[in-house]
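These notes are about the structure you will find just below.
Numbering of residues begins at 1 and proceeds along the displayed sequence. Note that the structure is predicted; figures quoted are calculated from it, not measured.
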Amino acid sequence: MSKTKPLLLSGIISTAIAVGFLCGPSAEAANWFALQGISPPTAPLFGVSGFIEPTVWAQPGTEDEMLHEVPHINLIGPDFSQGTTAGILRARIMFRGNLNPYISYFVAGEFGNNGVTRVRGGYQPALIDGHVTFSYLPGARVEVGLVRAPSAEGAMQGFMTYNYVLSPTVVTQLMNQPMFDSSFSSKVAPTGSALLPGTQTLGVNGFRYPGAMVFDWFRSGHWEFAYGAMLGMYGTVAAGNQSNEPMEAVRLQEAYILGGKGPFRSDIQGGIWYQHAAPRWDGVNYDMNRYGVDLQYLQGYMHPWGRQLRFEYIHGNGWIDAPAAFSKAVDLKQAGLYETQLYPGISNKAWGYMAEAGLFLTKNIEVNLRYDYYNRLPNNPVQNRIFKTYALGVQYHFTPLTKIMAGYYFRTLGVPHPNATSQSVANSVDNVFALQAMIAF
């Protein structure tokens, strides 16, 4: 049951706004609050853009040793039917503009084949962005609608800055929340978990929630302070409201700007953030807490020897889900193997981090290295799983918005307290190769 609340949230927001006023407002700044929250001052009344991501994935599709089934970790989502396949991961059309100097809007539809468009096991195009921003109050812009909630850098960044096809496991499992039908009758068992078939999954939220966010950014010389604080609804357009309590989120960040502007400006930036929601299940509200820190350095984008370093740490407690290990098959007797296991109690924990480096060898060619670590349910010895991935990537940048990415992902799954089935799944985990063209228009 929901007990913990961000009691200091209002104080943090007040302090953030006060610090911002001391710095003084900036006429031009570059951060995700600015890039995604408002349209550029020169934007027309109505503008159209978009992007498409044709993608190829390849892995052996190894079966486990006990059940002789291919586990989900060796199959490509969201349908988990093949280990090697091709498809359109994301396909988005976006409309944005300025109604007047103080009101901007942004609307986007998602048509790719991914977790956002996978609802109750079927394909359903989604409204992924839809907000209006009012910039009348100095130091406190107000964004209303379907909002990308303040959170981890990896959950806020735009598509053009993705360096890999596969996102870090800690980001996808802790931050990209799957929505479950709270009216589905599935009691929380004495083990502290509930089982959910795929037909009750209402898609992931793409890091967005319906609600309202107050945000702004402030410059003083090379320094920039930015904040965002949000009250919203735990749900999506497809899922509706899955709680009767508001979700809350706040992020504070400070940057030292070395030069440039836009998503690839040269800077050193650090941020802290916190999210709280109270998802409802079987008539009970449960706490879902997420918080973390991140640090990044970027200099010389699309210049020889341009470089970037990124680090982020994410911690969660309360509502934690463990995705299904297998697709349902006639010879699988244990429901826990082919249904999502939801652990809603406040004592449940998960945490992880990622570290990444990138280097431009020429203006167009960039090489990347990333390590990500995710420790899920260390409080539950039977269900504890540790995901580790080393990723090697190379990119060819035609323009800042059009490129080709290739990556190879070395993956391991650790089971500290295994049984025969869990160990056989861990032993079967494949490495993955992924190739993607990111084409913007």
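Side-chain N/O atoms of Gln275 and Asn289 include no donor and acceptor closer than 3.5 Å. Counted by atom type alone, Asp267 and Tyr297 present zero donor-acceptor pairs between their side chains at under 3.5 Å. Inspection of the Gln36 and Arg148 side chains reveals an N or O donor paired with an N or O acceptor under 3.5 Å. With 3.5 Å as the limit, one finds no donor-acceptor pair spanning the side chains of Gln299 and Ser266. Between the side chains of Asn348 and Asn379, a donor-acceptor pair is found at a separation under 3.5 Å. Under the 3.5 Å distance criterion, with hydrogens and angles disregarded, a donor-acceptor pair is assigned to the side chains of Ser135 and Arg141. Between the side chains of Asn368 and Glu356, not a single donor N or O lies within less than 3.5 Å of an accepting N or O. Side-chain contact check for Thr161 and Gln157: at least one donor-acceptor pair (N or O, by modelled atom type) lies under 3.5 Å.
Taking the six-membered ring where the residue is Trp, the centroids of Tyr164 and Tyr162 are separated by 6.0 Å or more.
Evaluation of the side chain to side chain contact (heavy atoms under 4.5 Å, CB included) rule for Phe410 yields Tyr390, Leu392, Tyr408, Asn431 as partners, not counting sequence neighbours. Annotation: side chain to side chain donor-acceptor pair (under 3.5 Å) contacts of Asn384 (sequence neighbours excluded): Asn375. A search for ring-ring contact (aromatic ring centres under 6.0 Å, His included) contacts involving Phe80 returns His72, not counting sequence neighbours. Listed by chain and residue number, Tyr373 satisfy the ring-ring contact (aromatic ring centres under 6.0 Å, His included) test with Trp351 (two or more places apart in sequence, or in another chain). Considering only residues two or more places apart in sequence or on other chains, Tyr209 meets the side chain to side chain donor-acceptor pair (under 3.5 Å) condition with Asn205. Listed by chain and number, the residues in a ring-ring contact (aromatic ring centres under 6.0 Å, His included) with His315 are Tyr291 (sequence neighbours excluded). For Arg290, there are no salt bridge (Lys or Arg N to Asp or Glu O under 4.0 Å) partners, not counting sequence neighbours. Ser167 pairs by the side chain to side chain contact (heavy atoms under 4.5 Å, CB included) definition with Thr172, not counting sequence neighbours.
Contact record, Val144 with Ala212: CG2-CB, 4.2 Å, taken as the closest heavy-atom pair. Contact detail for Gln173 and Pro323: the closest heavy-atom pair is OE1-CD, 3.8 Å. For Val425 against Pro71, the heavy-atom pair with the smallest separation is CG1-CB, 4.1 Å. Across every non-hydrogen atom of Thr117 and Pro125, the tightest pair is CG2-CA, 4.1 Å. The shortest non-hydrogen separation linking Ala126 to Val116 is CB-CG1, 3.6 Å. Counting all heavy atoms, side chain and backbone alike, Ala238 lies closest to Leu202 at CB-O, 4.2 Å.
Residues Trp223 and Tyr256 form a side-chain contact, since some pair of their non-hydrogen atoms from C-beta on lies under 4.5 Å apart.
Among residue pairs with one or both ends in residues 359-379, those qualifying as salt bridge (Lys or Arg N to Asp or Glu O under 4.0 Å) are Arg370-Asp372; sequence neighbours excluded. For residues 124-149, the ring pair (Phe, Tyr, Trp, His ring centres under 6.0 Å) pairs, not counting sequence neighbours, are Tyr102-Tyr136, Phe106-His131. For the salt bridge (Lys or Arg N to Asp or Glu O under 4.0 Å) condition, the pairs that include at least one residue of residues 292-321, sequence neighbours left out, are Glu153-Arg310, Arg251-Asp294. For the salt bridge (Lys or Arg N to Asp or Glu O under 4.0 Å) condition, the pairs that include at least one residue of residues 91-100, sequence neighbours left out, are Arg92-Glu110.
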Q: Please report the C-alpha distance between Asp129 and Arg208 in whole Å, then the side-chain angles of each, then the deciding distance to 0.1 Å, and finally whether the salt bridge (charged side-chain N to carboxylate O under 4.0 Å, His left out) criterion is met.
A: CA-CA 8 Å; Asp129 285 292; Arg208 292 142 169 100; 3.0 Å; yes
